[in-house]
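Here the structure comes first, spelled out in structure tokens, and everything after it is commentary.
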Number of protein chains: 2
Amino acid sequence: MNEPTFLILTALAGESRHGYAVIEDVEQMTGGRVRLRAGTLYAALDRLRGEGLIEVDREEVVQSRLRRYYRLTGAGEQSLQTETDRLRAQATIAEGRLRARRTNFGGATA
Amino acid sequence: MNEPTFLILTALAGESRHGYAVIEDVEQMTGGRVRLRAGTLYAALDRLRGEGLIEVDREEVVQSRLRRYYRLTGAGEQSLQTETDRLRAQATIAEGRLRARRTNFGGATA
DNA sequence: TGGTATATGCCGACGGTCGGTATATGCTGC
DNA sequence: GCAGCATATACCGACCGTCGGCATATACCA
């Protein structure tokens, strides 16, 4: 799973959100680092819907503008959990190796 | 940074490795989940070398076969550390939201 | 002799993201 | 009044990284 996809799923894990709200939540979540492109978002939303990881929660019209809210499905929740575990496991391995490196070579500026 | 790239960098963080050894290390590291394709690996190795994140450590000939060993550069090490921190941060956010979900809806089978 | 493992490398195909554009409305500043 | 920006959805071509297959070559085992 790619980063944008993971972030979209995470955004929807918090609560039902419409597309634009996902963009904003991801931006905030990543400290401004990731601002999803509209093309990326809506393509991913369609794909995720096709995969059954998310579904349409409801539609609202606010100030004459449509808002389509999406929510995580059970499969989506499980998928996000699996992915999260993987991320953590990989981070732990990488961190361990980086730490070992510094122990062996860090102090000596070899 | 995509997953294969991250895993390659992690493999080289442990010690200098030649291409095929990277494939094996990544496979072991991910519990057999990820077996890098040769195409993916060597393309990534070239790209990473171009970006200055890795460099050729040495070349050996073992049983008439060339082995080109790669190692992480300082920039590569830093890049891996940054990426690792990001992974961990994202995992933490996702985990928090998943936990909150279960607290709110998990017990009720709503 | 054929199959697998080691080892590097090229190539076309594909999927997901990027960047731009279209459409439409409301708000703010000049 | 109108330009510019934020909101909001959606399509499109371009691009990049990965996939999957193939080529090359040697060693080992059945």
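Reminder, nothing fancy here: chain letters follow the sequence lines and each chain counts from 1.
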Are Met29(A) and Met1(A) connected, step by step, through hydrophobic side chains (Ile, Leu, Val, Met, Phe, Trp, Tyr) whose heavy atoms are closer than 4.5 Å? yes
Please report the distance, rounded to the nearest Å, between CD in Glu3(A) and C1' in dG16(C). 13 Å
With sequence neighbours excluded, residues passing side chain to side chain contact (heavy atoms under 4.5 Å, CB included) with Arg99(A): Glu95(A)
Positions of residues 7-24 of chain B (non-hydrogen atom under 4.0 Å from DNA chain C), listed by number: His18(B), Gly19(B), Tyr20(B), Glu24(B)
Side-chain heavy atoms under 4.5 angstrom apart, residues restricted to Ile, Leu, Val, Met, Phe, Trp, Tyr: same cluster for Tyr69(A) and Leu9(A)? no
Can you name the atoms? Protein N/O to nucleotides 19-25 of chain D N/O, anything below 3.5 Å, with the distance.
residue: dC19(D); atom: OP2; partner: Thr40(B); partner atom: OG1; Å: 2.7

Just wondering, more than 12 heavy atoms not from Gln28(B) lying within 6.0 Å of its CD? no
Are Val56(A) and Ile8(A) joined in one hydrophobic group, where the rule is that I, L, V, M, F, W and Y side chains link up if heavy atoms are under 4.5 Å apart? yes
Within less than 4.0 Å of OP1 or OP2 of dC16(D), is there a side-chain N or O belonging to Thr5(B)? no
Between residues 43-59 of chain A and DNA chain D, which residues have a heavy-atom gap below 4.0 Å? none
Whole angstrom value for the distance that separates C1' of dT6(C) from CD of Glu27(B): 13 Å
Quick one: does Ser79(B)'s side chain have a donor or acceptor within less than 3.5 Å of a partner on Ala75(B)'s backbone? no
Rounded off to whole Å, could you give me the OH-to-C1' distance for the Tyr69(B) and dT8(C) pair? 14 Å
Taking salt bridge (Lys or Arg N to Asp or Glu O under 4.0 Å) as the definition, give me every residue that meets it alongside Glu3(A), ordered by chain and number, with sequence neighbours left out. Arg33(A), Arg86(B)
More than 12 heavy atoms from other groups under 6.0 Å of CD on Glu24(A): yes
Rounded distance in Å - OH (Tyr70(B)) to P (dT8(C)): 7 Å
Are there more than 12 heavy atoms of other residues, nucleotides or ligands under 6.0 Å from atom CD of Glu51(A)? yes
Applying side chain to side chain contact (heavy atoms under 4.5 Å, CB included) to Arg49(A) and Tyr70(A), what does each step give before you reach the verdict? CA-CA 9 Å; Arg49(A) 200 151 39 135; Tyr70(A) 296 89; 3.9 Å; yes
Tell me: CG of Leu41(B) to P of dT6(C), nearest whole Å? 14 Å
Distance, rounded to the nearest Å, where Tyr42(B) contributes OH and dT6(C) contributes P: 12 Å
Glu77(A) vs Arg102(B), side chain to side chain contact (heavy atoms under 4.5 Å, CB included): CA-CA, chis, key distance, verdict: CA-CA 10 Å; Glu77(A) 190 176 329; Arg102(B) 293 195 196 101; 3.8 Å; yes
We want to know whether Arg47(B) and Thr5(B) form a side-chain donor-acceptor pair, criterion being a heavy-atom distance below 3.5 angstrom. yes
For the backbone of Arg88(A) and the side chain of Arg88(B), can you confirm whether one donor and one acceptor N or O come within less than 3.5 Å of each other? no
Near-strand residues of residues 76-93 of chain A, defined as heavy-atom separation under 4.0 angstrom from DNA chain D: none
